[in-house]
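Remember, it's a predicted structure, so these values are computed and weren't measured experimentally.
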Amino acid sequence: MAPMASMAHQAPLTHSVAFLARRAATALAAVLVLGAAAAPAAYADSADAPSASPKKLPDGLYGSKDPQYDGVWRQSLALLAQDTVGVRPAASAVNWLAGQQCADGSFTAFRAEPGKPCDAKTLRDTNPTAAAVQALAALGGHGDTVKKAVGWLKSVQNEDGGWSSMAGSASDANSTSVVIGALAAAGEKPQSVTSKKGGKTPFDGLLTFQLGCAAKGDERGAFAFQLKGAAPNADATAAAATGARGKGFVVEPAGKGADTPVKPLSCKGGDEEGKGDKKAGADDPAQAAEAGDGYLVAQLDKNGQHLLSAMPGAEKQPDVGNTADAVVALAAGAHGTAAAKPLKWLEKNSADWAKQSGPAAYAQLVLVAHATGTDPRSFGGTDLVAALNATGPEPAAAAKDTEDADDSKDGGGLGVVWVIGIGLAIGAGIGFLLSSRKKSRL
């Protein structure tokens, strides 16, 4: 994608499209290792991809653009964001999401015919499954659906304790983080969910992706997407810094006056080079999260309080979605001052991006506002709640104002990877996702 002239027309890769690129990268990586004959089902045959684009969008679905690769994801984020502000979604929207589940408990990106049983060609995916769990658990009334989904997620946990988007592939930091969030939302204790072989927890798996004292100084504390070819990845770091704290998409605000200084990874008092130990200095999830936050703050400070993404052949440009993820990660650590600067950048620069991108983008910003204690109905001059509601069926009930919404929640229970993912996405006919995967209802 060629560089755009202004922020108003830019739509860089965000967390939602990023997980598709990561899934594609995982698939191709398996092909390179195993050979073409052993190509994963996801890309061995076009018929194995998620359901083909529907001629008519289903009732209840948020957004008006093709849901083939993100229907469950954007629906889950939209419903979850509404719930955080006291908006009760339309029954048709909730039923559509629950109806996307396969009999074994898994979800795929989109099923055009939910009445047709999932078969061996159905591309089951931990990312939309975990997103759906977080949404349906928050909404309540879908205990069996959530239980089955969690059961499936546990069944595909890797030996290292983590998850990949596609069962059987190597674990990655992003998928592991989103599943941790799902387990927590469902009332599970992630630290007690251990792999059948090896007895590793999700946190054991997640910490293996962190670059420690053996890494270059400006890379320490960052998380890599995967172990192979490990390189600092801001998107993976933002997700992992939240996941390492056992939190999902919804992060409760720390409260007024809460401000814990960020503590970057420290290698003092020991071997500066770490003797090859990537985890040196971050030996538990809390330390790992702090170190990840330290890396994010350094990147934000360097880039003008936003993170960057770059398409192959294009100049680096602001990534609104990943910046939003970073703000949530900092808020999860009660780093009020550190989160305030990129938050202001988002308030100033996210409106056009969200308008173009649609429900998942509006939802992501609502979750940012929630985590930071900011008014989502006046976010840089935009009423995010009204904008989100307008992308789907009329809510069953909406909070009268921000105060009522907050009261209703009191006491209540997002390098090589980009290149590969984008190439496969274009090959699958989803180039439109690269400019805006987070859909809008036109």
Counting N and O atoms only, with roles assigned by atom type, does the side chain of Ser165 sit under 3.5 Å from a partner on the main chain of Asn127, one being a donor and the other an acceptor? no
Partner set under ring pair (Phe, Tyr, Trp, His ring centres under 6.0 Å) for His306, not counting sequence neighbours: Trp345
Nearest heavy atoms of Ala354 and Ala361, plus distance in Å: CA-CB, 3.9 Å
Between atom OG1 of Thr382 and atom CG of Leu365, what is the distance when rounded to the nearest 0.5 Å? 9.0 Å
Do Asn233 side-chain atoms and Ala224 backbone N/O form a donor-acceptor pair below 3.5 Å? no
How long is the gap from CG on Leu343 to OG1 on Thr323, to the nearest 0.5 Å? 11.5 Å
Locate the shortest heavy-atom distance separating Val262 from Pro264; write the atom from each residue and the value. O-CD, 3.3 Å
Would you kindly say whether Gln191 and Thr201 are connected by a side-chain donor-acceptor distance under 3.5 Å? no
Grab the two heavy atoms, one from His335 and one from Thr260, that are nearest each other, plus how far apart they are. ND1-O, 2.5 Å
Can you find a heavy atom in the side chain of His370 that is under 4.5 Å from one in the side chain of Pro376? no
Are Val85 and Val366 side-chain neighbours, meaning at least one heavy-atom pair lies under 4.5 Å? yes
Which distance, rounded to the nearest 0.5 Å, do you find between the CG of Asp125 and the OG1 of Thr108? 6.5 Å
Take Val193 and Val179 through the test side-chain contact (heavy atoms from CB on, under 4.5 Å) and record every step on the way to the result. CA-CA 11 Å; Val193 177; Val179 173; over 6 Å; no
Evaluate side-chain contact (heavy atoms from CB on, under 4.5 Å) for Asp293 paired with Lys263, printing each intermediate quantity in order. CA-CA 8 Å; Asp293 285 343; Lys263 298 178 181 179; over 6 Å; no
Between CZ on residue Phe110 and CD on residue Gln75, distance to nearest 0.5 Å: 10.5 Å
Hey, is the main chain of Tyr62 close enough, under 3.5 Å, to the side chain of Arg74 for a donor-acceptor pair? yes
Closest non-hydrogen atom pair, Tyr295 against Ala234: CE2-CA, 4.3 Å
Do Ser92 and Asp59 pass the side-chain hydrogen bond (donor to acceptor under 3.5 Å, both in side chains) test, and can you show the C-alpha distance, the side-chain angles, and the key distance before you say yes or no? CA-CA 7 Å; Ser92 61; Asp59 292 336; over 6 Å; no
Exam field: side chain Gln226 to backbone Ala170, donor-acceptor pair closer than 3.5 Å: yes
When you measure from the side chain of Gln100 to the backbone of Val72, do you find a donor-acceptor pair of N or O atoms at a distance under 3.5 Å? no
Closest approach of Ala371 and Ala331, non-hydrogen atoms and distance? O-CB, 3.6 Å
So Cys118 and Arg111, side-chain contact (heavy atoms from CB on, under 4.5 Å) or not? Walk me through it. CA-CA 9 Å; Cys118 299; Arg111 295 172 62 197; 3.5 Å; yes
Using a 3.5 Å distance criterion without hydrogens, assess whether the side chain of Trp73 forms a donor-acceptor pair with backbone atoms of Ala109. no
Donor-acceptor pair between Asp172 and Ser175 side chains, under 3.5 angstrom: yes
Donor-acceptor pair, side chain of Thr242 and main chain of Ala238, under 3.5 angstrom: yes
Is it the case that the side chain of Thr208 and the backbone of Gly205 share a donor-acceptor pair, with hydrogens and angles ignored and the cut-off at 3.5 Å? yes
Would Glu394 and Asn389 satisfy side-chain hydrogen bond (donor to acceptor under 3.5 Å, both in side chains), going step by step from the backbone distance to the final call? CA-CA 7 Å; Glu394 183 177 357; Asn389 291 346; over 6 Å; no
When rounded to the nearest 0.5 angstrom, what distance separates CG in Leu183 from NZ in Lys154? 7.0 Å
Worked check of side-chain hydrogen bond (donor to acceptor under 3.5 Å, both in side chains) between Gln305 and Asp301: CA-CA 5 Å; Gln305 297 309 316; Asp301 287 344; 2.7 Å; yes
May I have the step-by-step check of side-chain contact (heavy atoms from CB on, under 4.5 Å) for Val320 and Asn349, ending in yes or no? CA-CA 8 Å; Val320 183; Asn349 295 284; 5.7 Å; no
Ser350 side chain to Leu346 main-chain N or O, any donor-acceptor pair under 3.5 Å? yes
Mind listing the closest non-hydrogen atom pair of Pro67 and Leu57 along with its distance? CD-CD2, 3.6 Å
For residues 142-152, please give each side-chain donor-acceptor pair under 3.5 Å, one per line with the distance, not counting sequence neighbours.
unit_1: His142; atom_1: ND1; unit_2: Gly140; atom_2: O; d: 3.2
unit_1: Lys148; atom_1: NZ; unit_2: Ala103; atom_2: O; d: 3.2

Side chains of Ser171 and Asn158, donor plus acceptor under 3.5 Å: yes
Roughly how far apart are Gln317 CD and Ser309 OG, rounded to 0.5 Å? 5.5 Å
Over 12 non-hydrogen atoms of neighbours within 6.0 angstrom of CG in Asp104: yes
Backbone N/O of Ser106 and side chain of Thr129: donor-acceptor pair under 3.5 Å: no
